[in-house]
Amino acid sequence: MLLLPPEACHRIIHWTRRCDLTTLCLTSKSLQKSAEIKLYEVIMSGDINVIFRACESIVSQDRLGPYVRSFYLYQTTRRSQTELPTRFWNMLQKALWKMRCLDVLYIDDPARANTWILSDIPKIPFQLREANFRLPWNRHIIKFLESQNKLRQFQISGGVDEDAPQFEDGSLPDLCTFDGHLASAMQLLSLPCGLRHLRIPLDRSTNKQLLDFIPKLAAISRTLRSLNIIHMPEELSVEAIKLISFVCPDLHYVGIIPLPMTFPHRSMIHDALLAMHNLRDLEIDVSRWSPLPNTGSLQRMLATELHTYCSSLEHIILRTGSNRTLWYFDGNEWNVSENGQHLLVDGLWKNR
């Protein structure tokens with residue numbers, strides 16, 4: 001077969017379905033490199049066997065590792081998640097050592113245990129831009145993060161080890177977005193990083209620590225623009241929003257605030273909003289109201305009420321149980337968003 005010019009190869013690869021790229025690799029030498037680059041650029045599959053075979057190929061063929069830009073390890077929710085054997089984790093570790101151009105890394109470990117695969121820092125060749133780990137916050141994770149000078153977005157949802165060390169000075173200089181437990185966030189506040197977006201899920205063990213944590217946000221109030229607190233108890237909402245408005249008055253996004261149904265507690269929320277002149281997006285939870293404000297007219301009235309006390313608001317997200325409704329202000333009145341609202345709501349806290 002004659003060698004195809006590079007331009008023709010690129011066009012063929014561009015229009016080829018991903019499932020056919022493996023076949024193209026076997027078709028000709030001209031197409032092999034371009035097909036492999038596209039095939040290995042993003043490794044993502046809920047099938048662990050597919051991930052294992054991809055890692056095997058990367059380990060055995062040095063040319064493939066540099067092609068990988070994004071790597072996702074997870075098991076599909078349609079199947080029961082099982083702990084993965086040590087043989088799998090050993091192979092994954094060796095494959096990661098080959099991925100010198102890796103930008104995005106997602107690891108969902110059902111056992112929440114195998115952080116050791118990131119522990120051999122001298123052999124890790126990449127500088128991530130984004131990481132999402134279902135792994136525990138422990139010494140291996142801390143040391144790995146200390147080596148990642150270009151990391152901008154980081155999410156972690158595993159437990160926190162009590163003996164996890166503190167960060168070394170100068171760690172994570174580019175970190176902008178963090179999503180993780182309150183104890184992990186506390187450690188990050190010891191760094192001079194310019195966090196802009198912060199999300200913290202609360203639970204029964206951390207609820208009582210929230211009011212002590214918020215004043216510590218003064219360390220990053222100059223850069224912080226979004227604060228998303230998940231599962232905030234309603235009994236803490238008034239004191240929490242009062243503290244937030246005092247410590248971080250320049251926030252562009254605040255959520256998720258349980259809004260009291262009755263006065264005077266609702267008036268106290270209003271008073272806090274008066275101090276937040278740059279607030280653009282507010283996410284509130286009215287799930288405990290009875291009756292629920294499920295109609296459009298009731299929700300528009302509630303949005304108008306909140307806007308009265310914070311005229312800079314552009315979006316209001318109302319949570320009623322599992323339902324979320326996005327309202328936007330068009331300059332004259334509040335309207336409900338119909339198209340793609342869940343995608344916008346999910347990412348709103350990260351986009352300010």
Side-chain angles (χ1 to χ4, degrees), residues 177-179 182 185-186 189 195-203 206-290 292-293 298-320 324-329 333-334 345 348-352:
T177 303
F178 177 71
D179 182 348
L182 189 144
M186 286 284 287
L189 292 182
L195 269 182
R196 291 183 60 86
H197 316 290
L198 179 61
R199 178 156 72 175
I200 300 170
L202 296 179
D203 54 37
T206 55
N207 285 341
K208 295 180 180 179
Q209 302 173 35
L210 177 63
L211 299 184
D212 293 327
F213 170 75
I214 293 173
K216 293 179 172 58
L217 294 175
I220 57 171
S221 62
R222 184 180 58 83
T223 59
L224 190 65
R225 292 296 173 263
S226 302
L227 179 61
N228 185 296
I229 302 173
I230 304 174
H231 308 312
M232 181 190 299
E234 184 170 327
E235 58 268 23
L236 296 181
S237 65
V238 170
E239 288 303 316
I241 190 65
K242 285 167 62 177
L243 283 171
I244 290 169
S245 67
F246 178 76
V247 176
C248 303
D250 295 325
L251 288 174
H252 293 179
Y253 168 97
V254 171
I256 305 166
I257 306 298
L259 185 68
M261 182 176 180
T262 58
F263 294 87
H265 296 99
R266 195 151 126 208
S267 298
M268 295 177 184
I269 301 286
H270 296 160
D271 291 342
L273 292 176
L274 284 170
M276 306 188 76
H277 305 295
N278 296 307
L279 192 63
R280 304 289 184 264
D281 311 315
L282 177 63
E283 189 164 358
I284 61 172
D285 190 341
V286 292
S287 299
R288 296 182 66 178
W289 285 31
S290 181
L292 289 173
L298 287 175
Q299 292 191 2
R300 180 177 282 109
M301 289 172 59
L302 186 53
T304 303
E305 172 191 314
L306 296 168
H307 189 239
T308 301
Y309 296 93
C310 187
S311 60
S312 59
L313 282 173
E314 299 172 359
H315 299 97
I316 293 177
I317 302 101
L318 294 176
R319 287 180 173 248
T320 53
R324 296 177 298 173
T325 306
L326 174 65
W327 288 82
Y328 68 92
F329 189 63
E333 63 177 1
W334 287 90
V345 168
L348 203 57
W349 74 277
K350 292 190 289 187
N351 295 332
R352 287 300 185 182

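FYI, the numbering just counts along the sequence from 1.
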Check: After noting the C-alpha distance and the side-chain angles of Ile200 and Phe213, does the key distance pass the side-chain contact (heavy atoms from CB on, under 4.5 Å) rule?
Finding: CA-CA 11 Å; Ile200 300 170; Phe213 170 75; 3.3 Å; yes
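- Between Cys248 and Ser221 the shortest heavy-atom distance is SG-CB, 4.1 Å.
- Contact between Ala218 and Val247 at its shortest, heavy atoms only, is N-CG1, 3.4 Å.
- Atom NE2 of residue His307 and atom OG of residue Ser312 lie 7.5 Å apart, to the nearest 0.5 angstrom.
- For the pair Trp334 (side chain) and Gln299 (backbone), a donor-acceptor distance under 3.5 Å is absent.
- Partner of Leu251 under the side-chain contact (heavy atoms from CB on, under 4.5 Å) criterion, out of Leu227, Leu217, Leu282, Asn278: Leu227 alone.
- Counting non-hydrogen atoms of neighbouring residues, nucleotides and ligands closer than 6.0 angstrom, the CZ atom of Arg288 reaches no more than 12 such neighbours.
- Residue Leu326 is tested with Leu318, Asp281, Ile317 for a side-chain contact (heavy atoms from CB on, under 4.5 Å); the sole match is Ile317.
- Listed by chain and number, the residues in a side chain to side chain contact (heavy atoms under 4.5 Å, CB included) with Lys216 are Met186, Leu189 (sequence neighbours excluded).
- Proximity of a side-chain donor or acceptor of Ser226 to a complementary backbone N or O of His197 within less than 3.5 Å is not detected.
- The backbone N or O of Arg319 sits nowhere less than 3.5 Å from a side-chain atom of Arg324 that would complete a donor-acceptor pair.
- The side chain to side chain donor-acceptor pair (under 3.5 Å) with Tyr253 is formed by just one residue from the set Arg280, Glu283, Arg225; it is Glu283.
- The environment of CE in Met301 is sparse: at most 12 heavy-atom neighbours from other residues, nucleotides or ligands sit within 6.0 Å.
- When atom types are taken as modelled, the side chain of Thr223 and the backbone of Arg196 share no donor-acceptor pair closer than 3.5 angstrom.
- The backbone N or O of Leu273 sits nowhere less than 3.5 Å from a side-chain atom of Ser245 that would complete a donor-acceptor pair.
- Between Leu210 and Ile229, the closest heavy-atom pair is CD1-CD1, 3.9 Å.
- With sequence neighbours excluded, the residues satisfying side chain to side chain contact (heavy atoms under 4.5 Å, CB included) with Pro201 are Asp179, His181, Ile230.
- Atom OG1 of Thr177 and atom CG of Asn228 lie 11.5 Å apart (nearest 0.5 Å).
- Here the closest heavy-atom approach between residue Leu292 and residue Val286 is recorded as CD2-O, 3.3 Å.
- The two residues Glu305 and Tyr309 come nearest to each other via the heavy atoms O-CD1, 3.2 Å.
- Of all the heavy atoms in Pro260 and Glu234, the pair that sits closest is CA-OE2, 3.6 Å.
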